[in-house]
Trainee: 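Here it is, the structure, as structure tokens.
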Amino acid sequence: MNTLLDKLNPEQKKAVTTTHGPLMIIAGAGSGKTRVITYRIAYLIHRNLCSPEQILALTFTNKAAQEMRERIESLLGEGSTRGLWIGTFHSNFARLLRNHASKIDFDSNFSIYDADDSKKIIKEVMAELGLATDLISPNAVHSMISQAKNKFVLPARFAETASDFVSEKVSEVYLKYDEVLRKNNAMDFDDLLIKPIQLFNYHPDVLNAYQERFQFLMIDEYQDTNRAQYVVSKQMAARHQNICVVGDDAQSIYSWRGADITNILGFRKDYPSATVCRLQQNYRSTRTILQVANAVIRNNKNQLEKTIFTENEVGDPVVLFESQDERREAEKVALTIRDLKLSRGMGNDQFAVFYRTNAQSRALEDALRYHGLAYQVFGSVSFYKRKEIKDIVAYLRFIVNQLDEESLFRILNVPTRGIGDVSIKKIKAIAEEGHRSAFEIISQPLQHDISPRLISALNDFRFLIEHLQDMSSKESAYEVVAELLRKTRMLELLKEENTTEANTRYDNLQEFLSLARDFSDHNPEDNSLSAFLQNVSLSTDQDNVDENESKVTLMTVHSAKGLEFPVVFVTGLEEKLFPLNPEDSSELEEERRLFYVALTRAEKKLYLSYAKNRYRFGQLLVSIKSRFLDELDESVVVTESGVKLWEKREKETERSRYDYSSYQDEAQPSVFSKSWRSKPKTAKPKSKPVVNANDAMDDGLRIGMKVQHKLFGTGKILALQGSGDARKAKVFFERVGEKTLVLKFANLLPL
């Protein structure tokens with residue numbers, strides 16, 4: 001182990017060998033963070049400072065956890081990690097909750113619902129409560145509930161703090177949604193973080209046991225933790241104080257899903273005696289790339305002190321593309337990839353193209369296809385979100401949890417067995433009237449007014465479930481999945497259908513069977529259906545990236561976090577696209593951190609790109625290049641023709657520098673104008689807009705006015721109609737598109 005420590009730089013070695021007491025490792029981009037975490041765990045075990053069972057290591061992806069486990073075993077030998085709890089917050093706390101589910105009124109076989117499952121229930125609850133989806137969408141309600149849970153705001157507290165019509169209605173949905181989850185013996189992803197806190201609060205003895213067991217707590221990507229993760233981590237570390245957090249505030253980019261950057265910024269306030277190690281040497285990128293990245297992130301005020309450097313080669317200059325529109329931008333990207341492949345013998349998989357929003361991929365895909373470049377869009381429909389996979393997962397859930405009625409009603413007629421919607425409604429009604437579970441009704445159909453034909457179909461289904469349930473207690477997950485596919489004839493039916501879609505679904509089910517086989521073979525200690533199902537339920541898109549396939553990668557910058565590529569293109573660098581919302585100072589700092597993440601994914605070559613015009617909302621609009629481009633170190637950036645950026649700027653001194661602070665929407669053609677392209681380009685004196693008297697009433701709102709909505713964000717009023725309580729506004733919101741709102745309830749704030 002001492003020989004291995006010699007491979008670490010001094011600050012890495014300090015981080016590995018500082019074992020006791022609070023420790024914050026500020027790990028800059030490409031600084032060997034995973035190596036340090038791996039070595040630190042191995043060091044604790046090798047030096048007999050603790051056993052593997054006394055370490056709890058929390059990551060943000062299963063892939064990262066698996067990589068760390070494999071590296072530790074390569075250092076200490078096979079089997080050395082047995083007993084070590086290393087995995088995502090969700091997987092580790094799901095495991096903990098299954099051990100103590102009865103203490104919080106759940107069965108240990110509870111189901112774990114993904115976002116789609118949750119949204120489906122929320123939609124049903126909204127219908128039951130008579131809440132119109134055109135007033136507020138189920139997706140928005142789900143987002144508000146998820147954000148509340150991430151902040152550890154439970155239904156009762158949410159209801160107490162509801163201050164307007166929307167939040168009051170969401171509080172009703174939240175309460176009912178929570179009841180449905182409990183009735184189904186199910187938890188959503190957010191529950192896996194807040195239920196442990198409740199468990200510990202209600203049962204201090206359980207908390208004491210885990211505090212005593214886990215003497216060392218390590219948390220990766222600490223800048224991405226939310227309030228619930230912060231609270232539960234603090235609870236777990238309270239006794240021994242051996243908490244080690246690893247992260248980089250400059251890469252905190254997930255506030256929109258609840259991440260709280262103050263967790264890492266305030267770590268030393270929580271633990272005044274904490275040791276701080278700064279991993280500042282980058283092993284990934286060239287000096288030029290880091291020079292550009294450091295120049296950009298330096299503009300953020302709220303950050304921890306550090307300066308990232310590298311001993312790598314200087315490398316090529318960063319190239320800035322300027323294009324007329326997004327089609328030409330995409331063409332330049334495709335041609336550059338093609339030329340680099342020809343001149344340097346590079347493979348498709350060495351290139352990544354980043355963008356701020358998913359909608360930007362369309363033009364890039366067209367260009368890559370045209371030039372015969374194979375690509376993959378990261379973040380498209382996940383394998384686990386495909387219908388046939390969700391169907392089979394629902395079967396597996398129900399096999400282990402007969403209270404999961406969401407899964408039951410999904411599979412009751414899959415494949416078709418003659419149990420239609422009318423029959424399902426009847427079963428639901430009988431169950432609700434008798435205060436019994438739906439599967440009880442299905443198991444005793446003769447006691448109810450059910451037709452003989454339906455009884456026969458229900459009996460077939462019940463026999464199948466009971467057979468598979470019995471099998472699951474004895475056989476591996478693979479055996480159960482194989483038997484399920486055989487008994488239901490899913491594969492045979494798709495083969496007989498023999499359409500393109502059916503063949504794709506057939507391949508997907510075969511892939512799922514392979515997945516079950518792989519899991520069963522590699523988890524001999526526990527290859528049960530429950531263990532497999534938990535693994536599947538907590539899988540993420542990033543865990544399923546095929547790194548061996550030679551394709552150009554297209555992805556949003558958010559998806560690129562944690563990845564690296566020899567050549568990176570960052571496209572769409574325009575105001576109100578990247579940064580997306582430049583008006584808000586805190587959001588602007590996060591957008592800058594997001595840009596920093598994009599830059600630091602590049603190893604050898606970096607290309608930046610913007611278009612002077614871009615189609616948005618169906619119209620070609622004039623774009624203004626991103627303010628982030630003005631923050632680049634111009635000495636190492638060149639245009640596509642090879643001219644240094646500072647030289648180009650000097651030649652353009654006659655053009656005034658853009659003042660972002662005074663930027664108004666009037667500086668570009670209106671999103672809502674249909675005739676701007678035909679207007680002459682000569683400047684005209686500004687005049688006040690003409691407003692119809694009916695469009696300006698005592699609420700002070702006007703057509704064209706920018707407004708703020710608590711839920712939908714910033715938008716612009718397109719139209720106003722009606723009066724009094726019936727007065728409505730049609731508003732285009734930057735994030736969610738067009739909405740028609742009743743002003744009495746909308747609480748629009750003029751900007």
Side-chain angles (χ1 to χ4, degrees), residues 1 4-5 7-8 12 15-16 25 27-46 52 55-95 216-225 244-248 251 279 282-285 349-350 352 378 382-384 515 518-519 521-525 531-532 534-549 553 555 558-566 597 600-601 603:
M1 188 74 192
L4 293 173
L5 290 180
K7 297 180 180 179
L8 305 177
Q12 289 177 329
V16 168
I25 303 173
S31 61
K33 174 188 63 135
T34 302
R35 167 181 278 199
V36 168
I37 296 173
T38 301
Y39 274 53
R40 190 170 188 274
I41 295 173
Y43 186 81
L44 288 169
I45 297 171
H46 179 72
I55 301 174
L56 174 61
L58 300 170
T59 67
F60 271 79
T61 66
N62 294 311
K63 180 181 174 184
Q66 184 60 31
E67 180 184 350
M68 289 179 191
R69 185 182 293 274
E70 290 171 356
R71 287 197 190 185
I72 295 167
E73 295 210 344
S74 71
L75 292 173
L76 301 182
E78 187 175 349
S80 57
T81 63
R82 188 171 292 115
L84 171 66
W85 278 35
I86 182 170
T88 65
F89 273 90
H90 293 91
S91 62
N92 274 326
F93 285 116
R95 178 180 180 182
F216 292 88
L217 174 61
M218 294 191 65
I219 306 174
D220 189 17
E221 304 287 9
Y222 193 63
Q223 77 281 348
D224 294 333
T225 54
C244 170
V245 301
V246 187
D248 181 8
Q251 298 184 65
L279 307 184
N282 177 287
Y283 294 93
R284 175 190 299 152
S285 306
D349 57 342
Q350 293 180 278
F378 185 82
S382 164
F383 177 77
Y384 293 104
L515 181 73
D518 182 69
F519 176 86
D521 289 348
H522 289 88
N523 293 274
E525 293 178 2
F532 172 66
Q534 177 168 306
N535 186 69
V536 166
S537 297
L538 298 174
S539 182
T540 67
D541 284 354
Q542 199 166 43
D543 294 326
N544 304 312
V545 176
D546 186 351
E547 296 178 341
N548 298 316
E549 204 166 5
T553 299
M555 60 171 57
H558 280 105
S559 300
K561 177 86 180 324
L563 304 178
E564 56 188 41
F565 301 89
V597 166
T600 54
R601 301 309 95 195
E603 298 173 344

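Position 1 is the first residue of the sequence; numbering continues from there.
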Trainee: Indicate yes or no: at least one non-hydrogen side-chain atom of Asn282 is less than 4.5 angstrom from one of Thr600.
Mentor: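 Sidechains of Thr600 and Asn282: no contact.
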Trainee: To the nearest 0.5 Å, what is the distance between CD on Glu221 and CD on Gln251?
Mentor: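 CD of Gln251 is found 7.0 Å from CD of Glu221.
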Trainee: Looking at OG1 of Thr61 and NE2 of His90, how far apart are the two atoms once the value is rounded to the nearest 0.5 Å?
Mentor: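 Thr61 OG1 to His90 NE2: 12.5 Å, rounded to 0.5 Å.
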Trainee: Can you see which heavy atom on Ser31 is nearest to which on Ala27, and at what distance?
Mentor: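 Here Ser31 and Ala27 meet closest at OG-C, 3.5 Å.
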Trainee: Tell me, do Thr225 and Leu58 make a side-chain contact under 4.5 Å, heavy atoms counted?
Mentor: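 Of all side-chain heavy-atom pairs linking Leu58 with Thr225, none is under 4.5 Å.
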Trainee: Going by side-chain contact (heavy atoms from CB on, under 4.5 Å), Val16 matches just one of Ile37, Leu44, Val36. Which one?
Mentor: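 Exactly one option meets the side-chain contact (heavy atoms from CB on, under 4.5 Å) with Val16, and it is Val36.
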Trainee: Nearest 0.5 Å, what's the CD-OH distance between Glu564 and Tyr283?
Mentor: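 It is 14.0 Å, given to the nearest 0.5 Å.
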Trainee: Please name the pair of heavy atoms, one in Glu73 and one in Ser80, separated by the smallest distance, quoted to 0.1 Å.
Mentor: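 Shortest heavy-atom contact: CA-OG, 3.7 Å.
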Trainee: Locate the shortest heavy-atom distance separating Gln350 from Phe565; write the atom from each residue and the value.
Mentor: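 Closest approach of Gln350 to Phe565, heavy atoms only: O-CB, 4.2 Å.
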Trainee: For Phe89 versus Phe60, what's the shortest heavy-atom pair and its separation?
Mentor: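 Heavy-atom minimum between the residues: CE1-CE1, 4.0 Å.
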Trainee: With a 4.5 Å limit on heavy-atom distance, are the side chains of Ile25 and Tyr222 in contact?
Mentor: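 The answer is no; the side chains never approach within 4.5 Å.
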Trainee: Contact between Pro52 and Ile45 at the side-chain level, heavy atoms closer than 4.5 Å - yes or no?
Mentor: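 Side chain of Pro52 against side chain of Ile45, heavy atoms only: contact under 4.5 Å found.
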Trainee: Please round to the nearest 0.5 Å and tell me the distance separating atom CZ of Arg40 and atom CD of Gln12.
Mentor: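 Between Arg40 CZ and Gln12 CD, I get 14.0 Å after rounding to 0.5 Å.
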Trainee: Report the residues that fulfil side-chain contact (heavy atoms from CB on, under 4.5 Å) with Arg95, sequence neighbours left out, ordered by chain and then residue number.
Mentor: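 Per chain and number, Arg95 pairs via side-chain contact (heavy atoms from CB on, under 4.5 Å) with Trp85, Gln534.
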Trainee: Hey, what do you get for CG (Asp248) to CG (Leu279), rounding to the nearest 0.5 Å?
Mentor: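 With rounding to 0.5 Å, CG (Asp248) is 10.0 Å from CG (Leu279).
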Trainee: Return the set of residues passing side-chain contact (heavy atoms from CB on, under 4.5 Å) with Thr38 (not counting sequence neighbours), or none when no residue passes.
Mentor: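 So Thr38 forms a side-chain contact (heavy atoms from CB on, under 4.5 Å) with Thr34, Met68, Arg71, Ile72, Leu75.
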Trainee: Between Lys561 and Asp224, is the closest basic N to carboxylate O distance under 4.0 Å?
Mentor: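 Looking at Asp224 and Lys561, the cut-off is met.
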Trainee: I would like to know whether Val536 and Leu515 meet side-chain contact (heavy atoms from CB on, under 4.5 Å); could you show each step before the answer?
Mentor: CA-CA 9 Å; Val536 166; Leu515 181 73; 4.3 Å; yes
Trainee: Any idea which heavy atoms bring Ala57 and Asn92 closest together, and the distance?
Mentor: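 Taking every non-hydrogen atom into account, O-ND2, 3.4 Å.
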Trainee: For Glu70, what residues pass the side-chain contact (heavy atoms from CB on, under 4.5 Å) criterion, not counting sequence neighbours?
Mentor: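 Applying side-chain contact (heavy atoms from CB on, under 4.5 Å) to Glu70 gives Gln66.
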Trainee: May I ask you to test the Ile86-Met218 pair for a side-chain heavy-atom distance under 4.5 Å?
Mentor: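 No, too far: nothing below the 4.5 Å cut-off.
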Trainee: In Å, rounded to the nearest 0.5 Å, how long is the span from CG of Leu5 to NE2 of His46?
Mentor: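 Rounded to the nearest 0.5 Å, the CG-NE2 separation comes to 8.5 Å.
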